[in-house]
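Read through the structure below, which is laid out as structure tokens, and then see the notes.
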Number of protein chains: 2
Amino acid sequence: MGTPQALGGLPLAPVAPRPELAPPSPRVGEIITAAREVLEQEGAAALTMRRLGELLGIRAPSLYKHLAGKTQLEAMLVDAALVETGDLLHGVVDRADAAGVLGDLLAAYRAHARAQPNLYRLVTAGPLRRDQLTAGVEDWAGEPFYRATGEPYLAQALWAAAHGTVILELDGRYPPGSDLDRTWAALTAAFRRPVDDDRSG
Amino acid sequence: MGTPQALGGLPLAPVAPRPELAPPSPRVGEIITAAREVLEQEGAAALTMRRLGELLGIRAPSLYKHLAGKTQLEAMLVDAALVETGDLLHGVVDRADAAGVLGDLLAAYRAHARAQPNLYRLVTAGPLRRDQLTAGVEDWAGEPFYRATGEPYLAQALWAAAHGTVILELDGRYPPGSDLDRTWAALTAAFRRPVDDDRSG
DNA sequence: AGGTTCAGCTAACAACGTTAGCCTGGAGAT
DNA sequence: ATCTCCAGGCTAACGTTGTTAGCTGAACCT
């Protein structure tokens, strides 16, 4: 662990400001909560305006008194999820040292996605409607990867690799019987800094 | 060329058999072709039974004389796409040498996905209905990553990382202005074998 | 000729997001 | 104390989606 750059540089200090989400009205808050429960416990297909109304004791069209539409509702879910993810990962990096930050970050990312797979899919699948998001949430959620690597494009590659590895896990796309702990270990090893020290463990 | 197993053993020889797809009936073949055109040129949202019928000069319900449903049609698209991807990537690995196989494979993977983004999404998004696929197509498409790495879990990690990197690119999820060539270069560098030879390039 | 099968058709259903328009209870203003 | 207004519910309905049921005509085989 005598890597020179590491003792001085990694993990880097956070620089992106934690974004402040506009607090939703009470009723909208309830809707978001209900939406999140339906999404996580009944699946993405069950996240329907009618089902949502049912859970809230109102009819589907009444939801439009509070929301512009389903797209906006999803955007609010993504917004909140990104901030939470950022909080979690920043915390992990805060607590890590240079030797372990990469493994800790990837482990936390994986665990977080597996804990709420449907929300993770919602956040990461398809194009991102940036105009519907609170400014800065994307940077906030992604910065831990930069703090862990110290180089923006390595950070992007690491984030992308982590995403690919976890989304395939959530979707059950690996060959049956795969030991995914080993897959993650291989990924972590690949991104460990190829400095002169040959790591052990 | 003539690197059977000598210079470190990569690339490995192929071992998975190229799967033989059951040839569809002529009409089903037309449907698949039309579906692929609609998907790629009009987007996933346009791939509808009615639009498909329109293109074929029949009504949507008539499609059910040939297909079990939209799910099966998608499965057939995935089936064919996986074989094509396997063919392409195997060919790349065939032509590569140990020094360049990793970069060549990743570059080919990226180019292939970008050439047919909607098909790529269809193939890789969501759970895979293995029971609807021809046996062996998955192995065939994935084996090039094993041939390039020589280790199954490193191969999985590489494949997952490549997928993550490209799907985020297709969905425009990177920060605006990113130079994705550099992201891919960082990914490639991370997975380059940390053997004693420090290659340059 | 007669029966069977193939491959089209229309009509219709359930579920989806969403819009239009009505009604009502209660808060705030006079 | 009464009036006004409107937030927030409601029903009805529209246009999509995938899909099923049932009819029909043509081709084909005996």
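Here is the naming used below: chain letters follow the sequence lines, and residue numbers restart at 1 for every chain.
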May I ask you to verify if any side-chain N or O of A/Ser62 is less than 4.0 angstrom from the OP1 or OP2 atom of D/dC10?
yes
Looking only at the side chain of A/Ile58 (C-beta and beyond, no hydrogens), which of the listed nucleotides C/dC16, D/dG18, D/dG9 gets closest?
D/dG9
B/Gln132/B/Thr71 under side-chain hydrogen bond (donor to acceptor under 3.5 Å, both in side chains): CA gap, chis, key distance, verdict:
CA-CA 9 Å; B/Gln132 309 233 29; B/Thr71 304; 5.5 Å; no
Go through the N and O atoms of the side chain of A/Arg27 and the base of D/dG8, and report whether any donor-acceptor pair is under 3.5 Å.
no
Could you check whether A/Leu63 gets within reach of a base, just the sugar-phosphate, or nothing at all, counting any heavy atom under 4.0 Å?
nothing
If you go through the side-chain atoms of A/Lys70, does one of them form a donor-acceptor pair with the base of C/dG17 closer than 3.5 Å?
no
Any A/His66 side-chain nitrogen or oxygen under 4.0 Å from OP1 or OP2 of D/dA7:
no
Can a side chain N or O of B/Thr48 be found less than 4.0 Å away from OP1 or OP2 on D/dG18?
yes
Quick one: is A/Arg50 getting a side-chain N or O under 4.0 Å of the C/dA15 phosphate, OP1 or OP2?
no
Any idea how B/Tyr109 and B/Phe145 line up, ring-wise: parallel (<30°), tilted (30 to 60°), or perpendicular (>60°)?
perpendicular
Residue A/Met49, side-chain atoms from C-beta onward, closest of C/dT18, D/dG9, D/dC23:
C/dT18
May I have the step-by-step check of salt bridge (Lys or Arg N to Asp or Glu O under 4.0 Å) for A/Arg129 and A/Asp79, ending in yes or no?
CA-CA 10 Å; A/Arg129 301 302 308 259; A/Asp79 226 26; over 6 Å; no
Both A/Pro61 and B/Gly69 contact DNA chain D. Taking the nearest nucleotide for each, which residue is further toward the 5' end?
A/Pro61
